[in-house]
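Both ligands and their constituent atoms are indexed starting at 1 by order of listing. All values below come from the heavy atoms of this structure, side chains included, with hydrogens, waters and symmetry mates left out.
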Amino acid sequence: MSFDYDAVVIGGGSAGYAAARTLTAGGARTALVESGPELGGLCILRGCMPTKALLHAAELRHAFREAARWGITADNVRVDWAKLFARKDELIADFAGYRRQQLEAGKFRLIRSRVRFADNHTLELADGSRLSAAHFVIATGSVVPPPPIPGLVEAGYLTSDDALRLRELPASVAVLGGGAVALEFAQFFARLGSDVTVIQRSAQVLRDTDEDVARELEKALRREGIRLLTGTQNLRAERVGTGVRLTFEHQGTSQSVDVATVLHGLGRRPNTDSLDLAQAKVLNEAGRILTDPRQRTSAPHIYAAGDCCGPHEIVHVAIQQGETAARNILNPAAASEMDYRILLSVVFTDPAVATVGLSEKAARAEGRKVLVATYPFNDHGKSMILGCQDGFVKLLADAVTGEIVGGACVGPQGGELIHEIAAAMGRRMTVRELAALPHYHPTLAEIWTYPAEELADQLP
Ligand SMILES: Cc1cc2nc3c(=O)[nH]c(=O)nc-3n(C[C@H](O)[C@H](O)[C@H](O)COP(=O)(O)OP(=O)(O)OC[C@H]3O[C@@H](n4cnc5c(N)ncnc54)[C@H](O)[C@@H]3O)c2cc1C
């Protein structure tokens, strides 16, 4: 059979662009179809980059407010909301412009349209025209679903997209959810001056993270004045005046909080409803496309990558999945598989929460024998100089071989520090080898040598 293209990629975000770039570099006749009004994808336009731009400003404001500890007077620190958001918008325009150039560079054909599957080798575009391909990579990302909270749709709420377009700081915000996006926004609003309440159903924030790590962040957020309520139940909402009243059960009592606005940070769902996946015989569970480790769906010539399939909705995984899908289309004989052994995760709060590889919780659930050691930042030279009161690093090693199998860092620059452990795990280093590596003094990074030495001493 002859097709219009060797491969068509659906979606031009992080996963889709990575797939199209790899396919083209490998010589495949490729088209990428993108339906969004703007080019750039979630990470650049409404995800990682704009949120981190805002968080940096919040961190600066916080540093000024704390400056007296260092004998520095920073009176009358004010925030110009319009300027703060304008800078964020300028940065995003810059990042998006670069991505637009890459997409429009002509290496593959870029088609601006929404598409759906007409059959398992054919896509139908919005204008009714069709294109066919031998292979497809679905990379259509995720959307915010309506919140599963009775009354909230009627009462009104913000999504993370809306929060990135706010024209002024809300006097008070209730943030629903205890994941990365929810907590980053909670700290942003609180540090700029909003009265913030976080409402979370699970017993701890960052549900899948080790409890000691999550509790350390909770402690720091509470000390900054964020009202953090975990283990809440039966949450419901109603409009009261210009604001929203949230009612819920917490620690056995019925409580309520009145806020100016509510941020829905309860997570996203795969954006696959309009693709007509059944026409292509692509199986999904509640919209999440099922793939094997090669990123192949139930239809062997159709692959998926990024948030539309998961299981980890983060950018570097989306990129790796897109590249893996493309490599398998180009060269099916040399199967390339996703490997999550060195899975990284970073929550850009302050203290940041960064993890890599196995958590203690996951290691115990797997029945794996590991040694665990921690070391606190408040007893470490460089972090004491920085005035850090919170956090610790945690190292996990195989109990017999001493190979590093996981790490966590809740503390200053956690998102940077965790990469030392990722690199060590990449080379399958042992705690003895990590402890013996030179570390400059005084640096934050040298903190890893303490748990590494402690674990090395415990090895048989
Ligand atoms: C507020 C926020 C902060 C975040 N911060 C971080 C962070 O700090 N670090 C991190 O790693 N991750 C972060 N993430 C997650 C990260 O942004 C996503 O995991 C990543 O961008 C997903 O990439 P993707 O390519 O799968 O999807 P997307 O980038 O969403 O791309 C999907 C594309 O497909 C297009 N599309 C959809 N349907 C169709 C169709 N039918 N036809 C044609 N085109 C279609 C869409 O228009 C879109 O451009 C954050 C997310 C949010 C919401």
Donor-acceptor pairs under 3.5 Å, side chain of residues 413-423 to any protein atom, not counting sequence neighbours: which ones?
from   : atom 1 : to     : atom 2 : distance (Å)
His419 : ND1    : Gly415 : O      : 2.9
Glu420 : OE1    : His439 : NE2    : 3.4
Glu420 : OE2    : His439 : NE2    : 2.5

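- In this pair, His135 and Tyr303 present their aromatic rings tilted. The plane angle is within the 30 to 60° band.
- Near ligand 1, heavy-atom contacts under 4.0 Å come from Ile10, Gly11, Gly12, Gly13, Ser14, Ala15, Val33, Glu34, Ser35, Gly36, Gly41, Leu42, Cys43, Arg46, Gly47, Cys48, Thr51, Lys52, Ser113, Arg114, Val115, Ala139, Thr140, Gly141, Ser160, Val181, Arg268, Asn271, Leu275, Gly306, Asp307, Glu313, Ile314, Val315, Phe348.
- Under the rule for a side chain to side chain contact (heavy atoms under 4.5 Å, CB included), the partners of Asn120 that lie at least two apart in sequence or sit in another chain are Ala280, His301.
- Looking only at distances, a side-chain donor or acceptor of Ser113 sits under 3.5 Å from a matching main-chain atom of Ala126.
- Applying the salt bridge (charged side-chain N to carboxylate O under 4.0 Å, His left out) test to pairs two or more places apart or on separate chains, none has a residue in residues 80-91.
- In this structure, Phe185 and Phe188 have perpendicular ring planes: the angle between them is above 60°, well past the 30° mark.
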